[in-house]
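Just below is one structure, and these are the notes that go with it.
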Amino acid sequence: MSEERLRAVRDRVRSFPDFPVPGVLFRDISPLLKDPVAFKALIDLLEDHLRASFPRIDVIAGLDSRGFLIGPSLAQRLGVGFVLIRKKGKLPGPTESISYALEYGKGCTEDALSTLQAELEIQSDAVEAGQKVVVVDDLLATGGTMRAACELLVRLKADILECLVVIELKALGGAAKLEAIPFHSLLQYD
């Protein structure tokens, strides 16, 4: 991994305290997306990692919504398809759906931490049984969304190679929720 490219990515992540709720330090990738050199460095790093790790990938699955910003560029580079994992009610046709607990993380007030319910969907024909899939998002916090996405792909009998994110908030322990599913992050914050 090129330290210079990684530094270009890291330098374009900014922090906003107390967003979306008090006690949360939000890591914003907007400056990264706006900077074509840094964004290219990001896609280069992700592509290099995947090519070195997996001889065959069939599909990149991106999580709503920031996974949609990274996933298609990565899929294009790898010459593979891209599929959407969306919030409920956003996909046409037959879908698989899953409910999961959504938490904003440590430091929130007790009321804010009370479990919020969210739902994800994937089109029933998005992947074929046995296809090798990498799940992509911008950030892993508590891991609930990524875990739910993986459960949807397992229902479709996909072979999940890895969950891949730009940023991991290590103190929230989200990677542990992924259990035996391989996980990789470019940047880690406590």
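What you see is a predicted model, and the numbers here were worked out from it, not measured in a lab.
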Can you hop from [X] to [Y] via hydrophobic side chains spaced under 4.5 Å?
X     : Y      : value
Phe26 : Ile70  : no
Val13 : Leu25  : no
Phe82 : Phe54  : yes
Phe19 : Leu169 : no
Ile29 : Phe16  : no

Test item: [X] side-chain N/O and [Y] main-chain N/O as donor-acceptor pair under 3.5 Å:
X     : Y      : result
Glu96 : Leu156 : no
Arg12 : Ser30  : no
Ser2  : Arg5   : yes
Asp18 : Gly23  : yes

inquiry  = What I want to check is whether the side chains of His184 and Glu168 have a donor and an acceptor closer together than 3.5 Å.
reply    = no
query = Will you find, in the side chains of Ser73 and Gln76, an N or O donor that is under 3.5 Å from an N or O acceptor?
reply =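 No, Gln76 and Ser73 have no side-chain donor paired with an acceptor closer than 3.5 Å.
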Output yes when [X] and [Y] qualify as a salt bridge under the 4.0 Å nitrogen-oxygen rule, no when they do not.
X      : Y      : answer
Lys170 : Asp190 : no
Glu121 : Lys88  : yes
Lys40  : Asp35  : no
Arg51  : Glu47  : yes
Glu3   : Arg7   : no
Arg27  : Asp138 : no

Looking at [X] and [Y], what are the two nearest heavy atoms and their distance?
X      : Y      : result
Gly143 : Lys177 : C-CD, 4.0 Å
Val9   : Ala38  : CG2-O, 3.9 Å
Ala61  : Val133 : CB-CG1, 3.8 Å
Tyr100 : Gln117 : O-OE1, 3.5 Å
Gly67  : Pro72  : O-CD, 3.9 Å
Glu162 : Leu50  : OE1-CD2, 3.6 Å

query = Looking at Thr95, Leu91, Ile85, which one forms a side-chain contact (heavy atoms from CB on, under 4.5 Å) with Leu120?
reply = Ile85
remark   = Partner of Val127 under side-chain contact (heavy atoms from CB on, under 4.5 Å), picked from Asp159, Leu152, Val59, is Val59
Roughly how far, to the nearest 0.5 Å, is the [atom2] atom of [Y] from the [atom1] atom of [X]?
X      : Y      : atom1 : atom2 : value
Leu164 : Ile60  : CG    : CD1   : 7.5 Å
Asp64  : Leu84  : CG    : CG    : 8.0 Å
Ile57  : Gln131 : CD1   : CD    : 12.5 Å
Ser185 : Leu140 : OG    : CG    : 8.0 Å
Leu178 : Phe183 : CG    : CZ    : 6.5 Å
Asp44  : Leu6   : CG    : CG    : 12.5 Å

Are [X] and [Y] side-chain neighbours, meaning at least one heavy-atom pair lies under 4.5 Å?
X      : Y      : value
Arg66  : Leu139 : no
Arg147 : Glu179 : yes
Leu74  : Leu46  : yes
Pro182 : Cys163 : no

query = Could you walk me through whether Arg77 and Ile43 pass the side chain to side chain contact (heavy atoms under 4.5 Å, CB included) check?
reply = CA-CA 8 Å; Arg77 289 272 192 94; Ile43 300 302; 3.6 Å; yes
task = Determine whether more than 12 heavy atoms belonging to other residues, nucleotides or ligands lie under 6.0 Å from atom CD of Glu128.
result = no
